[in-house]
2 protein chains.
Amino acid sequence: MAQVRPMRADARRNRERLLAAAVEAFAAQGEGASLDDIAKRAGVGAGTLYRHFPTRRALLEAVYSDRIEAIAERAGELAERLPAGAALVAWLNELGLGMIQMRGLRALLSSSVGGGEEAGRGAGGASSDCCDPLRQAVARLVGDAQGAGELRRDVGAMDVLRLVHGVAMACGEAVGGESVGDAGDAGDAEGAEDVGERLRRYVGLLMEGLRARG
Amino acid sequence: MAQVRPMRADARRNRERLLAAAVEAFAAQGEGASLDDIAKRAGVGAGTLYRHFPTRRALLEAVYSDRIEAIAERAGELAERLPAGAALVAWLNELGLGMIQMRGLRALLSSSVGGGEEAGRGAGGASSDCCDPLRQAVARLVGDAQGAGELRRDVGAMDVLRLVHGVAMACGEAVGGESVGDAGDAGDAEGAEDVGERLRRYVGLLMEGLRARG
DNA sequence: ACCTGAACACCGTTCAAGT
DNA sequence: ACCTGAACACCGTTCAAGT
């Protein structure tokens, strides 16, 4: 699977620069950042970007695959330290937080989980993609939790993944502000809730619905 | 609030044509449909489109405000016919279905509810927008359900709106296909589930979590 | 083998000129 | 008062020419 032939030195360096520029650009501008700009900031021609990363999605994957694998590995650690149900909740919170903090990651999972079409998968639709580790992780945690009688058996791992993805999208950006003088139509303490807090709250509510009832 | 002066006949006709073209375009191409194309299909110059609808969001609102109001009004009907909890569930299902069927509507609610930034609100951020009827509708249904002891009191109307919005996004397009040979990692009967079915299932799970516990 | 940058097609947005 | 369409800036993508 690894490179058949080592890359030429300049090619390798250009790839590195492109990735560095892309990380910054995606973080600042979001997953729709201008590819031309990324190439410029990396100091290479536009063609070079396309040679290394033929699609925007390929670039996104290259940028985020490390983080994705890191999150997936957390599943194992949490599974050892916590009871099955708690491990699942904790992991879902970490995943959701990752999606909120890294818009590119959210876009990737979006197109990989069937949630929307930002950064589409391309017509080919090769099912195997960089989010497979996440799928495996959630499958394990969900299986454990069901085995321990802490999770309903009529939901699948993909359901859980999709729901948390949706909930994370629903939490919104780290924009802060929430439309100022809102004629109190939202009943409760809405005021200055942190996005992270809100995520935890929503994941909690969701899990309440997914919990197996005695 | 209505037009101060009646529009000139040609202006009115152009507006009509633009709206008709936009309805088709948003339905076919999604909320990102080319504005230039819409103007062309309507048989008017690009400038005319901008005169009538200065932003993409303005056009989206003009296209969907009728449907939005129709959905909002359904809340009243359902509230009369059903017990509070059931009315809320039924309405959320209708809203979710609307968002799945009309991508433009989803985009509108998205930027209005703080969920994402597709079709952004513009820097002004005028809090009043076309989704207000939805907010009022959900506020009423949520209030009723809480009053009847059928819904937790620690969630606000906006929470419910955001969560259903997220869940609807999580259900995905009416694309049908779900990536073909998926090495059964998703536990359950995933096979040929309709998007509408899935939405109902997800809304049901969510409500299970939001229900007031005796 | 890889890179460059000009070239092309496309889109959003503005605005001078028309009626 | 409203419309038109050319003009501009910007972006993604390709490809002939370079090293």
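Order of the sequence lines fixes the chain letters, A, B, ..., with proteins taken first and strands second; residue numbering starts at 1 for each chain.
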When you match B:Val44 and A:Thr55 each to their closest nucleotide on DNA chain D, which lands nearer the 5' end?
B:Val44
Give a yes or no answer on whether the side chain of B:Arg56 reaches the backbone of B:Ala33 with a donor-acceptor pair at less than 3.5 Å.
yes
Any side-chain to backbone donor/acceptor pair from B:Asn14 onto B:Ala11? Under 3.5 Å, distance only.
no
Which is the 5'-most and which the 3'-most nucleotide of DNA chain C that has an atom under 4.0 Å from a heavy atom of chain A?
C:dA1 to C:dG5
Please work out if A:Thr48 contacts a base, only the sugar-phosphate, or nothing of the nucleic acid, heavy-atom cut-off 4.0 Å.
base
For A:Asp37, report the nucleic acid contact type (base, sugar-phosphate, nothing); a contact means any heavy atom under 4.0 Å.
nothing
Do [X] and [Y] touch side chain to side chain, with heavy atoms closer than 4.5 Å?
X	Y	result
B:Leu108	B:Glu31	no
B:Arg57	B:Ser112	yes
B:Trp91	B:Arg74	yes

Qualifying residue, where the test is side-chain contact (heavy atoms from CB on, under 4.5 Å) with A:Ile38 and the options are A:Leu49, A:Val44, A:Val23
A:Leu49
By nearest heavy atom, map B:Arg8 and B:Lys40 onto DNA chain C; which one lands nearer the 5' end?
B:Lys40
Lys/Arg-Asp/Glu bridge criterion (N-O < 4.0 Å) met for A:Asp159, A:Arg162
yes
Looking at A:Arg135 and A:Asp132, does any basic side-chain N land under 4.0 Å from a carboxylate oxygen?
yes
Name the stems that DNA chain C belongs to, where each is three or more consecutive Watson-Crick or G-U pairs with both distances under 3.5 Å?
C:4-8 with D:12-16, C:12-16 with D:4-8
